[in-house]
Each structure stands twice: as structure tokens, then as C-alpha cells.
Engineer: 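First the structure, which I've put down as C-alpha cells, then a few questions once you've had a look.
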2 protein chains.
Amino acid sequence: MAYAKQYIDKLRKSGLRPTKQRIKICEVLFDTDKTFHFTIKELVKIIENQANIKVSLATVYNTVHAFIIKGYLKEIPLNSSQSYYDTNVSHHHHFFDEEENKLIDIDQDDVDEINIRKKIPGKKIRSVEVIAKIVSDNQSQK
Amino acid sequence: MAYAKQYIDKLRKSGLRPTKQRIKICEVLFDTDKTFHFTIKELVKIIENQANIKVSLATVYNTVHAFIIKGYLKEIPLNSSQSYYDTNVSHHHHFFDEEENKLIDIDQDDVDEINIRKKIPGKKIRSVEVIAKIVSDNQSQK
DNA sequence: CAACAGTTTAGAACTGTTTTAATATAATTT
DNA sequence: AAATTATATTAAAACAGTTCTAAACTGTTG
């Protein structure tokens with residue numbers, strides 16, 4: 001509850017009224033310093049486990065989308081049947097562990113600046129993301 | 001028709017029998033030197049427009065998947081509601097034009113080698129892909 | 001505290017993908 | 001080249017994630 005005020009602020013800035021459900025969503029997403037990668041389904045499950053608040057899928061989708069537009073969350077550019085989201089909105093990259101279907105952050109500092117020499121007339125680059133797929137290193141190749 | 005033989009070969013190597021439908025798919029995908037980016041729906045539409053052959057979605061999905069496993073096609077790691085595929089299977093990167101929903105290849109040579117300093121114990125990197133999202137450059141920010 | 005605008009919800013609808021089971025076609029055997 | 005067997009094609013159903021809908025509800029404002 002200590003952070004309720006800042007959650008209300010975040011919601012307001014995202015153009016959303018602070019409701020029970022949305023504040024609970026904020027608690028789950030922003031109550032920790034650690035980066036948090038999640039899918040919508042996982043988020044719903046965590047809320048259900050942590051609180052006696054029932055939150056519908058629609059509410060979760062709406063709130064997550066508003067936060068993305070505002071820049072409080074980032075969608076991770078990973079093609080999968082479902083969308084992954086990230087509370088770490090700083091510019092950074094990802095490992096994707098194909099065996100465990102898990103994402104791991106790579107700080108921007110851990111990758112040399114990416115300089116793309118090709119230019120597209122009339123277009124500018126809005127974001128550059130690196131996805132490095134990783135698998136177990138068992139010497140033997142599969 | 002000239003390339004039928006090499007398509008049959010590709011199909012066989014992918015563990016597929018050469019059928020009318022599959023050869024038609026090959027014609028659309030491999031009949032040009034140019035890189036071809038496509039979604040399943042687009043591929044079906046092209047086939048329908050170009051030929052009097054009716055091809056079901058299921059056949060297209062099956063064939064595309066077999067080609068991916070064999071390495072004749074690549075899935076592009078772009079998060080979108082649908083999957084994008086690429087006939088360019090060499091190691092390269094992509095622009096994604098968010099306004100036109102179109103992909104543009106970036107040759108590996110046009111990007112400095114990507115050196116990721118972070119290591120994950122027991123894991124090795126299998127692929128590294130860069131996606132640069134681009135939008136119109138109208139001076140004025142949106 | 002009334003009225004209104006915005007919110008929540010369950011469930012329906014929608015989209016891309018996968019599966020199913022009947023029919024058709026290719027490959028193999030005779 | 002016919003018969004047999006194995007595999008492919010198909011329409012339609014199933015499925016999963018996401019979005020939409022419309023009715024009930026709640027926060028906000030005056």
C-alpha cells in the first residue's frame with residue numbers, strides 16, 4: 001500500500017482512473033526493482049494468487065496497453081504465439097532461451113552500439129533491438 | 001516449369017512428396033533471386049492469383065514448416081499477430097516499417113559485428129538478430 | 001448525493017494456427 | 001499398368017491469444 005500514491009499517479013498519467021484492479025496490477029508490475037517479464041496470462045494468475053481481487057482479462061489487456069503507450073511497459077519483440085512484456089523500459093536487449101522459453105535481459109552496456117549503415121529514404125529508426133537465441137552448450141552439436 | 005526438378009529436389013530433401021500444390025508453393029517462393037518476405041495469408045493469395053490451383057491453408061502451413069526445419073526458409077523474429085517468413089536464409093537483419101507493415105532486409109555487412117559481453121553459464125548463442133523499427137521521418141515528432 | 005463519464009466483467013467474436021478425418025494422390029509392388 | 005500402400009489435400013472443427021460488446025458497476029464532479 002505504501003506505493004499506492006505513485007501507482008495512482010502512473011495510472012492518471014496513462015489516462016486511466018485508479019481502480020482497485022488497476023492498482024493491483026501496478027503492485028504486481030512495479031513493486032519490485034527487478035525486471036519483470038510476463039505474459040498476460042501469467043499476470044492474471046499472479047494477481048489471482050496474491051489477492052482476493054478478481055481481474056478480468058479485458059482489464060489486464062486494457063491497462064497493459066495503456067502503460068505501453070505511456071512507456072511504462074515495453075512489449076518484447078519476440079515472435080511467439082503470445083506477447084511478452086517487460087517492466088524494464090530502458091533501451092536494452094534480450095536473450096531468449098529456446099529450451100525454457102524464458103527471456104533474459106541484456107543491458108545496453110553489454111552490447112556495442114549497433115550501427116546500421118543501410119538507410120531508408122524518408123524513414124528514421126525508432127528502435128533497434130537485438131534478440132540472441134540461446135541453447136544448452138553441450139559441446140556436442142545437435 | 002523450368003525449375004520443377006530443383007523444386008522436387010527441395011521437397012524430397014525436406015521429406016515431402018512433390019505434389020502439384022507443393023511445387024506451386026516452390027514456384028512462388030523460389031522462382032526469383034529477390035528476397036521474399038511473406039505471411040501465410042499473402043502466400044495463399046499469390047498462389048490463388050497466379051494459378052488455377054487451389055491450395056488449402058493446412059498444406060501451406062505444412063510445407064512452410066518443413067522448409068523452415070530444413071533451412072530453406074527462415075521465420076523472422078518479429079512480434080506481430082502473424083508470422084513473417086523470409087526466403088533469404090543467410091544471416092542478416094531487418095528493418096520493420098511500422099507504418100506499412102513491411103520488412104526490409106539489412107545485409108550482415110551493413111551492421112557491425114554484434115558482440116554481446118554478457119554470458120549465460122551453460123548456454124551458447126545460436127543466433128543473433130537485429131530488428132530496427134522505422135517510421136516516416138517528418139522532422140516533426142508525433 | 002445525484003448524475004455522468006469511465007470501468008469491469010463475462011462472454012461473444014475474431015484472427016492466426018493446428019488438428020481432424022474423409023477423400024484423393026503419389027509411390028511401390030505385383 | 002493395375003493393385004496396394006503410404007502419404008497428401010481438404011474443409012471444417014478446434015484451439016489459443018487477443019479484442020470487442022453491452023450490461024452492470026464505480027469513481028468523480030458539481
Side-chain angles (χ1 to χ4, degrees), chain A residues 4-5 7-28 37-48 51-70 73 75-85 101 103, chain B residues 4-5 7-28 37-48 51-70 73 75-85 101 103:
Chain A
K5 192 132 188 238
Y7 299 150
I8 290 171
D9 192 51
K10 265 198 159 93
L11 288 165
R12 284 255 156 74
K13 284 187 176 157
S14 307
L16 299 175
R17 285 184 183 172
T19 64
K20 251 195 320 231
Q21 291 87 345
R22 287 172 178 163
I23 287 172
K24 185 69 215 171
I25 291 170
C26 289
E27 281 173 23
V28 172
H37 297 128
F38 64 97
T39 63
I40 296 293
K41 233 168 105 178
E42 285 166 3
L43 181 51
V44 170
K45 198 175 289 178
I46 292 168
I47 291 170
E48 280 176 1
N52 288 346
I53 297 170
K54 180 90 187 46
V55 182
S56 69
L57 267 181
T59 298
V60 174
Y61 275 107
N62 290 341
T63 307
V64 165
H65 283 166
F67 284 158
I68 284 172
I69 289 165
K70 187 63 190 178
L73 289 177
E75 190 169 4
I76 298 173
L78 181 78
N79 69 329
S80 160
S81 54
Q82 59 197 325
S83 292
Y84 282 78
Y85 304 94
N101 260 47
L103 282 158
Chain B
K5 193 132 189 241
Y7 299 151
I8 290 172
D9 192 52
K10 266 200 158 94
L11 287 165
R12 283 257 154 74
K13 284 188 177 156
S14 307
L16 299 175
R17 284 184 180 173
T19 64
K20 250 194 323 227
Q21 291 86 347
R22 286 172 177 163
I23 288 172
K24 186 68 215 172
I25 291 170
C26 289
E27 281 172 23
V28 171
H37 298 127
F38 64 96
T39 64
I40 295 293
K41 234 168 106 180
E42 285 166 2
L43 182 50
V44 170
K45 199 175 289 177
I46 291 168
I47 292 171
E48 280 176 359
N52 288 346
I53 297 172
K54 181 88 187 45
V55 182
S56 70
L57 267 181
T59 297
V60 175
Y61 275 107
N62 290 342
T63 308
V64 165
H65 284 165
F67 284 159
I68 284 171
I69 288 165
K70 186 64 189 178
L73 289 176
E75 190 170 5
I76 299 173
L78 181 79
N79 68 331
S80 160
S81 53
Q82 60 197 324
S83 292
Y84 282 79
Y85 304 93
N101 262 47
L103 282 157

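Side chains included, hydrogens not; waters and symmetry mates left out as well; all remaining heavy atoms used. Chain letters run A, B, ... following the sequence lines, proteins first, then strands; residues in each count from 1. These numbers were taken from a predicted model, which means no experiment stands behind them.
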Engineer: If you assign each of B:Q82 and B:R17 to its closest nucleotide in DNA chain C, which residue comes earlier from the 5' end?
Structural biologist: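 Nearest nucleotide further toward 5': that of B:Q82.
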Engineer: Strictly below 4.0 Å: does B:H65 bring a side-chain N or O up to OP1 or OP2 of C:dT17?
Structural biologist: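 So the side chain of B:H65 is outside the cut-off, no N or O lying under 4.0 Å from OP1 or OP2 of C:dT17.
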Engineer: Salt bridge check, B:K45 against B:E48: does any charged N sit closer than 4.0 Å to a carboxylate O?
Structural biologist: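 Looking at B:E48 and B:K45, the cut-off is not met.
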Engineer: Quick one: A:I8 CD1 to D:dG27 P, roughly how many Å, whole number?
Structural biologist: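 Rounding to the nearest Å, CD1 of A:I8 and P of D:dG27 are 11 Å apart.
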Engineer: How long is the gap from CG on B:L73 to NZ on B:K10, to the nearest 0.5 Å?
Structural biologist: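 One gets 8.5 Å once the value is rounded to the nearest 0.5 Å.
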Engineer: CZ of A:R22 versus P of C:dG6: gap in Å, rounded?
Structural biologist: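 It is 11 Å, rounded to the nearest whole Å.
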Engineer: Is there a side-chain contact between A:Y7 and A:I25 (heavy atoms, below 4.5 Å)?
Structural biologist: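 Heavy-atom side-chain distance check fails, nothing below 4.5 Å.
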Engineer: When the distance from CD1 of A:I23 to C1' of C:dT8 is rounded to whole Å, what number comes out?
Structural biologist: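 Going from A:I23 (CD1) to C:dT8 (C1'), I get 15 Å.
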Engineer: Looking at A:R12, does any N or O in its side chain come under 4.0 Å of the phosphate oxygens OP1/OP2 on D:dT28?
Structural biologist: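 Checking D:dT28 against A:R12, a side-chain N or O does come within under 4.0 Å of OP1 or OP2.
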Engineer: From NZ of A:K24 over to C1' of C:dT8, roughly how many Å is that when rounded to an integer?
Structural biologist: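 In whole Å, C:dT8 C1' and A:K24 NZ are 18 Å from each other.
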Engineer: Donor-acceptor pair, distance only, cut-off 3.5 Å: does the side chain of A:R22 make one with the backbone of A:R17?
Structural biologist: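 Yes; judged by distance alone, with no hydrogens or angles, the pair exists.
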Engineer: Without swapping roles, check the side chain of A:D9 against the backbone of A:K5 for a donor-acceptor pair under 3.5 Å.
Structural biologist: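 A pair under 3.5 Å: no.
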Engineer: Roughly, in whole Å, what's the span from CG in A:L43 to P in D:dG17?
Structural biologist: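 So the two atoms are 14 Å apart, to the nearest Å.
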Engineer: Would you indicate, yes or no, if D:dG17 has its OP1 or OP2 atom less than 4.0 angstrom from a side-chain nitrogen or oxygen of B:S81?
Structural biologist: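 Answer is no, no contact under 4.0 Å.
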Engineer: Between B:K20 and D:dT9, is there a side-chain N or O to OP1/OP2 distance below 4.0 Å?
Structural biologist: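 For D:dT9, OP1/OP2 do not have a side-chain N/O of B:K20 under 4.0 Å.
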Engineer: With respect to the phosphate group of C:dG16, does any side-chain polar atom (N or O) of B:T39 fall under 4.0 Å of OP1 or OP2?
Structural biologist: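 Looking at the OP1 and OP2 atoms of C:dG16, neither is under 4.0 Å from any side-chain N or O of B:T39.
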Engineer: Phosphate oxygens OP1/OP2 of C:dT9: is one of them under 4.0 Å from a side-chain N or O of A:Q21?
Structural biologist: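 Yes, within the criterion.
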Engineer: May I ask you to say what B:S56 touches in the nucleic acid, namely base, sugar-phosphate or nothing, with a heavy-atom cut-off under 4.0 Å?
Structural biologist: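 Here B:S56 touches the bases of the nucleic acid.
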Engineer: Testing A:F67, A:Y61, A:F38 one by one against A:Y85 for a ring pair (Phe, Tyr, Trp, His ring centres under 6.0 Å), which residue passes?
Structural biologist: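 Answer to the ring pair (Phe, Tyr, Trp, His ring centres under 6.0 Å) test with A:Y85 among A:F67, A:Y61, A:F38: A:F38.
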Engineer: Send over the distance from B:L57 CG to C:dT18 P, rounded to a whole Å.
Structural biologist: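 Going from CG in B:L57 over to P in C:dT18 covers 11 Å.
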Engineer: Within this structure, what is the OH-to-C1' distance between A:Y7 and D:dG27, rounded to whole angstrom?
Structural biologist: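 Value for this atom pair: 21 Å.
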Engineer: I want to check one thing: is the phosphate of C:dT18, taken as OP1 and OP2, less than 4.0 Å away from some side-chain N or O of B:Y61?
Structural biologist: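 Answer is no, no contact under 4.0 Å.
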Engineer: Name the nucleic acid region contacted by B:S83, choosing base, sugar-phosphate or nothing; use a 4.0 angstrom heavy-atom cut-off, strictly under.
Structural biologist: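 Sugar-phosphate contact only.
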Engineer: OP1 or OP2 of D:dT9 sitting under 4.0 Å from any side-chain N/O of B:K54?
Structural biologist: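 Answer is no, no contact under 4.0 Å.
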Engineer: As a test of reading the structure: which of D:dA8, D:dT28, D:dT19 is closest to the side chain of A:P18, going by heavy atoms?
Structural biologist: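 My answer, after comparing the listed nucleotides, is D:dT28.
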Engineer: With heavy atoms under 4.0 Å as the rule, sort A:L16 into base, sugar-phosphate or nothing.
Structural biologist: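 Sugar-phosphate contact only - A:L16 comes under 4.0 Å of backbone atoms but never of a base.
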Engineer: Would you kindly give the CG-to-P distance between A:N62 and D:dA22, to the nearest whole Å?
Structural biologist: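 Atom-to-atom, A:N62 to D:dA22, this comes out as 16 Å.
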Engineer: Would you say B:T59 reaches D:dT10's phosphate, i.e. side-chain N/O to OP1/OP2 under 4.0 Å?
Structural biologist: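 The answer is yes; a side-chain N or O of B:T59 sits under 4.0 Å from OP1 or OP2.
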